[in-house]
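This report concerns only the one structure given below.
Whatever order the structure lists ligands and atoms in, that order sets their numbers, starting from 1.
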Amino acid sequence: MTVSKIVELAIRISENTAKVDAYLRENDLPSPSFHEDGPVDFGIRCEQTKKAQEEAINLSFELQRLLLGPLQFMNPVPNGLSLQAISKYNMATKVPIHGDISFGDLARECGLSEINTRRFVRYAIVFHRVFQEPRPGYVGHTAASRVLAEDPVMRDVLSHYLEECFPSFAMTLNAIDKFNGGTEPNQTGWNLYHETNLSPWDYYDANPESGRRFFSTMAYETEREGRSNTVLVNNYPWSSLASTSKANGEEEEKGPATIVDVGGSRGLTAIQIAQATPELKIIVQDLPAMIKGASADLPATIKDRVEFMAHDFFQVQDVQADMYIYRHVFHNWSHANAVKILRALVPALKTGAKVLVNDYIAPAPGTLSPLKEQRLREMDMIMLTLCNAYEREDHDWKRLFRDADPRFEILTMFAPKGATEGIIEVVWRG
Ligand SMILES: C[S@@+](CC[C@H](N)C(=O)[O-])C[C@H]1O[C@@H](n2cnc3c(N)ncnc32)[C@H](O)[C@@H]1O
């Protein structure tokens, strides 16, 4: 008898889950659990086990969808309202660890009605495993809600995605209509939701608390598997960079290289590159509010080689360097604006200078594992909603550099092993 698709999936899920379980047992690590004392980071450090874990997740999504059927699967509408409320009213911090609180008391602490508190919490319990109801009418923690109670970074991340992105998604088609498909960063669903004409960057500049939460979310994203800045740090031969300049008209002199990390935020990537390569000097450029006070956080060992500089990357670049890094920058901008950013760089470029991009090079649909492709599509949708931008495929990258200036030549474009994002190395032919 041939095995049906659903049974085949169940067998493969079982095989892969057994591999994860064996690893956890062998390494004395706790088994995944929703219990409030359950593990948050499972501690899996072995690549093969991570692969088995991802395989089990992908296959179980597929099995779930097949068992639900094509119609049931679209229903109910994905809804972030309950998590948005949990974030906005800071609910997790109001629930005691290893205890519980009545819906009535939680409602009072949040300034909400009891009926709305109950509905938000019960939705989160069944859809997200955030909170539990250990006895009727009382709210306690699960591992997920406990993280929100104890980790301010996770609260920042939740608030960015649920209080900024989620309500803005719902306004995005209105924005497309209102602005006739315009691609400026202040013509988005995010703008309609925030009732502002400012782009997110200008808004964060003017609203430091929103800017702080955004930076905190970016820093968290920078640590995430496959998108981590270690992908860039570990996959470029940094020490091969040496500054070359013409001296006495003819002679070529080599010296320590200078890198500019354009839109480099508070220097998380620059710090790692500088720590890994002592012969480099790095200038981190960003908007004034983003870099304010950042040099105070530099580790002492690299303080003399990493510098922060206010610079708007739409204005002419005046630092002549050997390399300009744009990490997670172009995916925030439409084609026309990305062209402008590159053209502003041209006056500073010496022949042979490099541009290094670290962003998604979106592969053909179905090429990435479903979990990774979901992440890419999710980011692409966020880019539309927040910035009117998009995640580029290889032909989009080629078009960008060609349209900016034909003297840019793409040398390499690749996704390092295990990474979901790519690295593009470009040279200025002058
Ligand atoms: C998505 S973040 C990426 C940050 C950093 N490169 C990284 O990889 O984490 C985009 C950055 O571009 C900066 N930015 C936005 N508009 C800018 C402008 N006009 N000039 C300079 N930086 C800008 C933002 O402040 C932010 O730090």
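Residue Asp312 approaches ligand 1 through these ligand atoms, each under 4.0 Å from one of its heavy atoms: 18 (C), 19 (N), 20 (N). The ligand atoms of ligand 1 that sit less than 4.0 angstrom from a heavy atom of Ser265 are 4 (C), 5 (C), 27 (O).
On a distance-only criterion, Thr269 and ligand 1 share no N/O pair closer than 3.5 Å. Between Gly263 and ligand 1, at least one pair of N/O atoms sits closer than 3.5 Å. Inclusion of Asp286 in the set of residues having an N or O under 3.5 Å from an N or O of ligand 1 is warranted.
Residue contact check for ligand 1: Trp333 places a non-hydrogen atom closer than 4.0 Å to it. Ligand 1 does not have Arg266 within reach: every non-hydrogen atom of the residue lies 4.0 Å or more from it.
The closest heavy-atom contact to atom 21 (C) of ligand 1, among the options Gln285, Met290, His311, Glu221, comes from His311. Comparing heavy-atom distances from atom 3 (C) of ligand 1 across His331, Met383, His328, Lys340 singles out His328 as nearest.
Counting heavy atoms under 4.0 Å from ligand 1, residue Phe314 touches it through the side chain alone. Under 4.0 angstrom from ligand 1, the non-hydrogen atoms of Phe313 come from both its backbone and its side chain.
Taking 4.0 Å as the cut-off between side-chain N and carboxylate O, Glu54 and Lys51 do not count as a salt-bridged pair. The pair Lys50-Glu47 meets the salt-bridge criterion, since a charged nitrogen lies less than 4.0 angstrom from a carboxylate oxygen. Ion pairing of Glu409 with Arg429 is present here, as a side-chain N (NZ or NE/NH1/NH2) and a carboxylate O approach within less than 4.0 Å. In this structure, Arg266 does not pair ionically with Asp286, as no charged nitrogen and carboxylate oxygen lie closer than 4.0 Å. In this structure, Asp304 does not pair ionically with Lys281, as no charged nitrogen and carboxylate oxygen lie closer than 4.0 Å.
Applying the salt bridge (charged side-chain N to carboxylate O under 4.0 Å, His left out) rule to pairs touching residues 379-401 yields nothing, sequence neighbours excluded.
Protein heavy atom nearest atom 10 (C) of ligand 1, with residue, atom name and distance: Asn332 OD1, 3.5 Å. From the protein, the heavy atom lying nearest to atom 2 (S) of ligand 1 is Met218 SD, 2.9 Å. Atom 9 (O) of ligand 1 has as its closest protein heavy atom Arg327 NH1, 3.5 Å.
Expressed to the nearest 0.5 Å, how far CD of Glu62 lies from CD1 of Ile57 amounts to 14.0 Å.
Under the 6.0 Å cut-off for aromatic ring centres, Phe314 and Trp333 qualify, their centroids lying closer than that.
Using the six-membered ring where Trp is involved, Tyr204 and Phe214 have ring planes that are parallel, under 30° apart on the 30 and 60° scheme.
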